[in-house]
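Here's the structure, in structure tokens; my notes come after.
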Amino acid sequence: MKKLLASIDFWDLLLAAACALVFGYAALFVPNFLSGFNLSQLAASVSEKALLILPMTLLIIVREIDLSIASVLALSSVIFGLLLQAGAPMAAAIPLTLLFGGILGAFNGFLVSSLALQSLVVTLGTMALYRGLGYILLGTGSINVLPPLVVDFGIDNVPGTQIPQTILPFLVLAPVFAIVLQKTPTGKRIYALGGNPEVARYSGIRTRRMVLGLFITSGVMAAIAGMVYTARLSTPGPTMRSAWSWTSSPLSFWAASACSAARES
């Protein structure tokens, strides 16, 4: 335990302590902060951001970043809504939306891995591109009529609990990402690539393919977050979520630092 604490950066500990202090103050002095309803609403409100942090953590470990992830979320939300509006069954709309998100991520990954462009510059450009495509597809209208299954998923809790259903995708996928990162050869390759890309390449790791795969994963996860967002607010749209890339990045950086510290301990 002491070795783990010693390996964690001072600023990470400071940030964790600040969060603990804020939470403790709210628990003691803010009425109903610890009520089941409030905690349930809090969990529901971060459902999409929590999903975005998972692939961003992997990208940051390998020295890349995806600033377009929130725009992929928004555009995937629009695609999901348009598919449902066109009468597509859920069994078709969900995989098509995931495929679309993967294609958007693959485009980012191709520019970064094959053309050797900086991911910061690439995803800054595609952030505006994807958000603009969402505006073009949806226009000035909105989609407010969604299947009951989608609406119920966005507002209901797990039966018998105060856990919102919208947080379930994160609760299922977070352990998967943790196991892959810490316990599998793929995770070791990710750490190797982040530690020294040149050494990783000469050791036989297909670095370009790995970077491409991580960007595809980012796109798919953003598509999942887009569907959760659509269900939670009962309407898809390309607006309001452009700032999420900037808020998700520092959270992902903290998570990546914690993962690296845990691995070194």
Side-chain angles (χ1 to χ4, degrees), residues 12 15-16 18-20 22-23 26 33-34 36-61 64-77 80 94 97-98 101-102 104-105 123 127 150 152-158 161-182 187 190 214-237 240-262:
D12 294 333
L15 181 58
C19 291
V22 172
F23 188 87
F33 178 79
L34 291 180
F37 175 78
N38 184 66
L39 293 179
S40 176
Q41 292 299 304
L42 179 64
S45 67
V46 299
S47 299
E48 302 89 6
K49 288 183 181 179
L51 287 168
L52 298 184
I53 288 173
L54 298 177
M56 286 281 281
T57 299
L58 304 186
L59 285 170
I60 288 176
I61 289 176
E64 304 290 353
I65 196 168
D66 186 358
L67 296 179
S68 70
I69 193 168
S71 294
V72 176
L73 180 156
L75 183 53
S76 298
S77 172
F80 184 58
I94 292 176
T97 303
L98 295 178
L104 297 181
T123 58
M127 177 178 68
V150 175
D152 292 343
F153 175 78
I155 62 177
D156 287 348
N157 293 333
V158 176
T161 71
Q162 292 288 339
I163 302 174
Q165 292 187 5
T166 53
I167 200 67
L168 290 181
F170 171 76
L171 295 180
V172 171
L173 292 171
V176 175
F177 273 73
I179 292 172
V180 169
L181 188 58
Q182 301 294 337
I190 289 174
L214 291 179
F215 273 102
I216 293 174
T217 301
S218 177
V220 172
M221 290 298 297
I224 296 174
M227 290 186 285
V228 171
Y229 168 73
T230 301
R232 188 169 66 85
L233 297 187
S234 297
T235 179
M240 299 188 298
R241 300 304 165 193
S242 60
W244 279 12
S245 296
W246 304 100
T247 57
S248 297
S249 296
L251 292 174
S252 303
F253 181 78
W254 187 24
S257 299
C259 290
S260 298

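Every value quoted in this text rests on a predicted model; they were computed, and no experiment measured them. Along the sequence shown, residues are numbered consecutively beginning with 1.
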Which heavy atom of [X] sits nearest a heavy atom of [Y], and at what distance?
X	Y	result
Ser76	Thr97	O-CG2, 3.6 Å
Asn157	Gln162	ND2-OE1, 3.7 Å
Met127	Ser71	O-OG, 2.7 Å
Ser40	Pro164	O-CG, 3.5 Å
Ser218	Ile69	OG-CD1, 3.5 Å
Ala225	Leu52	CB-CD2, 3.9 Å

Heavy-atom side-chain proximity of [X] to [Y] below 4.5 angstrom:
X	Y	value
Met227	Ile94	yes
Pro55	Asp66	no
Leu214	Ile190	yes
Leu168	Leu171	yes
Ile61	Leu181	yes

The criterion is side chain to side chain contact (heavy atoms under 4.5 Å, CB included); which residues satisfy it with Ile179, sequence neighbours excluded?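 Testing Ile179 for side chain to side chain contact (heavy atoms under 4.5 Å, CB included), a comparison that skips the adjacent residues, returns Lys183.
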Tell me which pairs pass side chain to side chain donor-acceptor pair (under 3.5 Å) where either residue lies in residues 165-181, with sequence neighbours left out.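 Residue pairs with at least one partner in residues 165-181: Ser47-Thr166.
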Working to the nearest 0.5 angstrom, can you tell me the gap between [X] [atom1] and [Y] [atom2]?
X	Y	atom1	atom2	result
Ile65	Phe215	CD1	CZ	9.0 Å
Leu34	Asn38	CG	CG	8.0 Å
Ile167	Glu48	CD1	CD	8.5 Å
Tyr229	Thr235	OH	OG1	7.0 Å
Leu73	Met221	CG	CE	11.0 Å

Under the side-chain hydrogen bond (donor to acceptor under 3.5 Å, both in side chains) criterion, do Thr230 and Ser77 qualify, and how do the steps go? CA-CA 6 Å; Thr230 301; Ser77 172; 2.6 Å; yes
For Ile224 and Leu173: C-alpha separation, side-chain torsions, deciding distance, then whether side-chain contact (heavy atoms from CB on, under 4.5 Å) applies. CA-CA 11 Å; Ile224 296 174; Leu173 292 171; 4.1 Å; yes
